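Taking it in order: structure first as structure tokens, then the write-up.
Ligands are counted one by one from 1 in listed order, and the atoms in each one are counted from 1 as well. Since the structure is predicted, the reported quantities are computational estimates derived from the model, not experimental observations. Side-chain atoms are counted along with the backbone in the values below, which use heavy atoms only and exclude waters and symmetry mates.
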Amino acid sequence: MGPPGAGKGTQAKKLVERFGMVHLSSGDILRTERASGSLLGRKLAQYMDAGKLVPDDIVVSVMAKAMTENSGEAGLLLDGFPRTVPQAEALDAQLARAGKPLDAVVVMTAEPDMIVRRITGRRSCPACGRVYHVEFMPPRKAGECDACGGPLVQRSDDAEAVVRDRLATYNRQTAPVVDYYRRRSGLKRIEVDGGRDADDVLAQLTKAFESFGASSR
Ligand code: AMP
């Protein structure tokens, strides 16, 4: 968990390479549905392009389906879900039914100015999914993917005004979920400063995952 731009997606991709869980990013799953042009996808676009949260009932059912279809041996790494207290409650109910309670919660923090700088510079390749940053991780040739040569794009919700709205939404609706888990005894938890160098953050998270009992592939 953490505000947009704290590095959740970047770290999650590296952690699943090492520990072999299935990475389920609610943002990626919803973006794929939106891009499909389905009726649901068109409904999602109204919320996502404005940087608003998609209603709980929709996200909960989309994520429940993804979790059921992807229940791998090494478990799931949820990224971007749950983002509201009702979503966390629905997740608890689903995990209880499956007899697989939550193992651990990772909280990544970051300062607002750092978040805005990180997100507004973010570019990605729609063809292969590689992510770049105009300042911190530029492609070899501006606007072009190093891996497949495809044109890089900016997410419509990564414009500065939308990012500020997404941050406000995080503070209002998602920060209470961090407290929800903080109050639960026996749940493993780690909080890292996502504003630090990505390799340092990864080292810290890797150590924590090992202490949580995850084994490397
Ligand atoms: P992300 O890639 O995690 O920043 O998510 C992009 C957008 O997808 C968000 O701004 C929301 O519109 C939507 N979204 C992703 N996850 C959730 C969630 N758990 N609850 C509601 N909306 C979500």
Over 12 foreign heavy atoms within 6.0 Å of NZ, Lys43
no

Any chance you could lay out the salt bridge (Lys or Arg N to Asp or Glu O under 4.0 Å) test for Arg184 and Asp92, step after step, and finish with the verdict?
CA-CA 12 Å; Arg184 181 170 314 175; Asp92 277 343; 2.7 Å; yes

Residues two or more places apart in sequence or in another chain: which of them pass side chain to side chain donor-acceptor pair (under 3.5 Å) with Ser38?
Glu33, Ser36

Shell of residues surrounding ligand 1, defined by a 4.0 angstrom heavy-atom cut-off that is strict:
Ser26, Gly27, Leu30, Arg31, Met48, Lys52, Leu53, Val54, Val59, Gly80, Phe81, Arg83, Gln87, Arg155, Asp157, Arg166

Examine the side chains of Asp157 and Tyr47 and answer whether a donor and an acceptor come within less than 3.5 Å of each other.
no

So which heavy atom on Ala88 is nearest to which on Tyr181, and how close?
CB-OH, 3.6 Å

Donor-acceptor pair, side chain of Ser124 and main chain of Gly129, under 3.5 angstrom:
no

